[in-house]
Amino acid sequence: YAHIRPYKGLDISGSFTYNRWTRHVQQHLTDRNLYRFTADGPVLLRDGTVRTYIRRYNYADNFRSSEITASYGFTVSKLEASVLLGASQEYDKYDWYSFRKYDLIDDSLTGIDAGTTNGDISGNYTQWSMRSYFGRVNFNWDDKYLLAVNLRADGSSKFAPGHRWGYFPSVSAGWRISQEKFMEPYQNWLNSLKLRASYGSLGNNAASNNYMYQALYATTNYVLGNTITGGFSQTTLSNSQLTWESTYVTNVGIDYGFLNNRLTGSFEWFNRDTKGILISLPVPLEHGTSSVPNQNAGEVNNRGFDFDI
């Protein structure tokens with residue numbers, strides 16, 4: 001993290017985060033009887049005559065993020081204002097692999113070379129990234145009239161290039177009525193009264209996997225001319241039109257404080273519309289064994305009142 005102030009009112013900050021974790025798992029199957037112990041004595045679950053092996057799994061995840069922001073604040077007469085601009089980026093890669101060797105020379109050996117016959121080897125990795133640009137402008141006139149405007153643009157690798165970016169604006173305004181001169185006769189019992197309203201949107205890119213906009217394939221064996229041949233089979237259908245799930249929120253409320261703010265609370269009305277919800281819909285069996293991708297198919301509306309005291 002770093003922060004500099006080139007001159008009064010201007011602040012520039014930058015940060016970088018890196019996180020890595022690994023996990024190692026080993027399975028050691030030996031030629032021994034397996035029992036379950038009960039009140040009536042041990043019960044044999046598996047005879048010890050098995051094919052011995054050692055199997056290892058290795059997992060790793062690498063995540064890094066960076067952000068830079070620049071903000072500038074100034075005052076002109078009764079106006080206090082600030083401007084913020086910024087950008088951020090995130091990247092994550094998760095990979096795993098496993099391997100197995102059979103027929104241990106001796107059951108007490110735990111090294112992979114203790115196995116004399118090669119077994120299955122498998123592995124893969126997934127990755128995603130997101131880049132964002134954002135800005136905010138705040139205005140405060142005489143500590144009575146408040147206005148904030150925000151805009152952010154998010155680009156996600158989970159969507160196809162033509163649908164990768166989502167734009168999410170928001171605006172909020174407030175009026176501190178208790179600061180007005182006509183409220184002075186009531187300030188001995190009404191200390192705070194604020195009317196506020198806001199409208200904004202948020203984005204969600206939480207698709208079921210990182211590659212829903214592409215058809216996914218896996219290695220498969222085929223029989224051609226009485227010979228086993230390696231190839232590919234489609235495991236997941238694609239949806240190239242997949243894009244951001246968006247939530248739009250409208251809020252109008254009043255905040256209040258009485259008796260030297262010993263009694264405070266708020267009353268507000270809200271309306272929340274979520275559109276293009278990322279869900280997987282049921283499909284007929286005729287489509288085959290491939291998994292179906294998410295779709296922007298759901299809509300939900302929540303509205304109501306909140307009262308807090």
Side-chain angles (χ1 to χ4, degrees), residues 1-19 63-92 128-159 161 163-181 183 191-205 243-257 261 264 266 268 270-273:
Y1 176 83
H3 173 261
I4 60 172
R5 179 171 292 174
Y7 56 87
K8 183 178 179 181
L10 177 63
D11 292 276
I12 300 175
S13 301
S15 63
F16 177 80
T17 301
Y18 177 77
N19 182 48
F63 173 80
R64 63 177 184 262
S65 67
S66 56
E67 180 179 277
I68 184 169
T69 60
S71 63
Y72 179 68
F74 60 93
T75 301
V76 179
S77 184
K78 296 182 179 181
L79 174 66
E80 294 182 5
S82 63
V83 179
L84 180 142
L85 296 173
S88 64
Q89 183 166 292
E90 295 179 335
Y91 172 80
D92 183 83
W128 62 265
S129 62
M130 187 168 72
R131 180 173 294 172
S132 303
Y133 302 97
F134 49 89
R136 182 175 68 242
V137 180
N138 289 313
F139 298 100
N140 181 344
W141 178 267
D142 200 23
D143 206 27
K144 299 178 185 178
Y145 314 110
L146 311 173
L147 178 66
V149 179
N150 298 269
L151 175 64
R152 66 178 298 123
D154 296 309
S156 173
S157 65
K158 296 182 179 182
F159 307 125
H163 304 276
R164 187 157 289 174
W165 286 90
Y167 302 92
F168 308 103
S170 66
V171 60
S172 63
W175 177 25
R176 289 196 175 110
I177 305 174
S178 55
Q179 299 295 102
E180 299 287 355
K181 286 187 177 181
M183 293 296 294
N191 308 106
S192 175
L193 184 63
K194 178 183 176 182
L195 176 66
R196 53 182 169 80
S198 64
Y199 174 82
S201 58
L202 300 170
N204 177 25
N205 69 337
T243 189
W244 287 84
E245 173 186 315
S246 300
T247 299
Y248 306 90
V249 183
T250 303
N251 187 293
V252 179
I254 295 178
D255 301 325
Y256 54 84
N261 287 325
T264 61
S266 64
E268 64 182 42
F270 65 89
N271 183 75
R272 178 188 293 264
D273 280 311

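Counting only distance, with no hydrogens or angles, the side chain of Ser178 and the backbone of Leu193 share a donor-acceptor pair below 3.5 Å. Under the 3.5 Å distance criterion, the side-chain polar atoms of Arg164 are matched with a main-chain donor or acceptor of Phe159. Counting only distance, with no hydrogens or angles, the side chain of Trp165 and the backbone of Ser156 share no donor-acceptor pair below 3.5 Å. Side-chain atoms of Asp255 never come within 3.5 Å of backbone atoms of Lys194 as a donor-acceptor pair (strictly under, hydrogens ignored). Here the side chain of Ser201 pairs a donor or acceptor atom with the backbone of Pro169 at under 3.5 angstrom. A donor-acceptor pair under 3.5 Å is absent between the side-chain atoms of Ser129 and the main chain of Ser157, judged by distance alone.
Atom OG1 in Thr17 sits 12.5 Å away from atom CZ in Arg64 (nearest 0.5 Å). With rounding to the nearest 0.5 angstrom, the OG atom of Ser88 is 11.5 Å from the CD1 atom of Ile68. One distance of note links CG of Asp142 with OG of Ser77; it measures 8.5 Å at 0.5 Å rounding. Interatomic distance, OG of Ser82 versus CZ of Arg136, reported as 6.5 Å (0.5 Å rounding). Taken to the nearest 0.5 Å, the CD atom of Gln89 stands 10.0 Å off from the CZ atom of Phe16.
Among all heavy-atom pairs drawn from Leu10 and Arg5, the shortest one is O-CG, 3.2 Å. For the pair Leu85 and Gly135, the tightest heavy-atom approach, listed with the atom from each and the gap, is CD2-CA, 4.1 Å. Considering all non-hydrogen atoms of both residues, Ser15 and Tyr1 come closest at CB-CD1, 4.0 Å. Here the shortest heavy-atom pairing between Lys8 and Tyr72 reads O-CE1, 3.9 Å. What you find for Lys144 and Gln179 is that their closest heavy atoms are CE-O, 3.4 Å. Nearest heavy-atom pair, Ile177 versus Met183, reported as atom, atom and distance to 0.1 Å: O-CG, 3.0 Å.
Phe134 places a side-chain heavy atom less than 4.5 Å from the side chain of Leu84. Val171 is listed as a side-chain neighbour of Leu147, based on a closest heavy-atom distance under 4.5 Å. Trp244 places a side-chain heavy atom less than 4.5 Å from the side chain of Asn205. Side-chain contact between Ser192 and Thr264 is absent, with no heavy-atom pair separated by less than 4.5 Å. Put simply, the side chain of Tyr145 does not reach to within 4.5 Å of the side chain of Lys78, judged on heavy atoms. Between Leu79 and Phe139, some side-chain heavy-atom pair lies under the 4.5 Å cut-off. Taking the side chain as every heavy atom from C-beta outward, Asn204 and Thr247 never approach each other to under 4.5 Å.
Using the six-membered ring where Trp is involved, Tyr248 and Tyr199 have ring planes that are parallel, under 30° apart on the 30 and 60° scheme.
More than 12 heavy atoms of other residues, nucleotides or ligands lie within 6.0 Å of CZ in Arg196, so this atom counts as buried by the packing criterion.
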Practice task
Decide yes or no on side-chain contact (heavy atoms from CB on, under 4.5 Å) for Asn251 and Phe270, but give the supporting numbers first.
Solution key: CA-CA 4 Å; Asn251 187 293; Phe270 65 89; 4.0 Å; yes

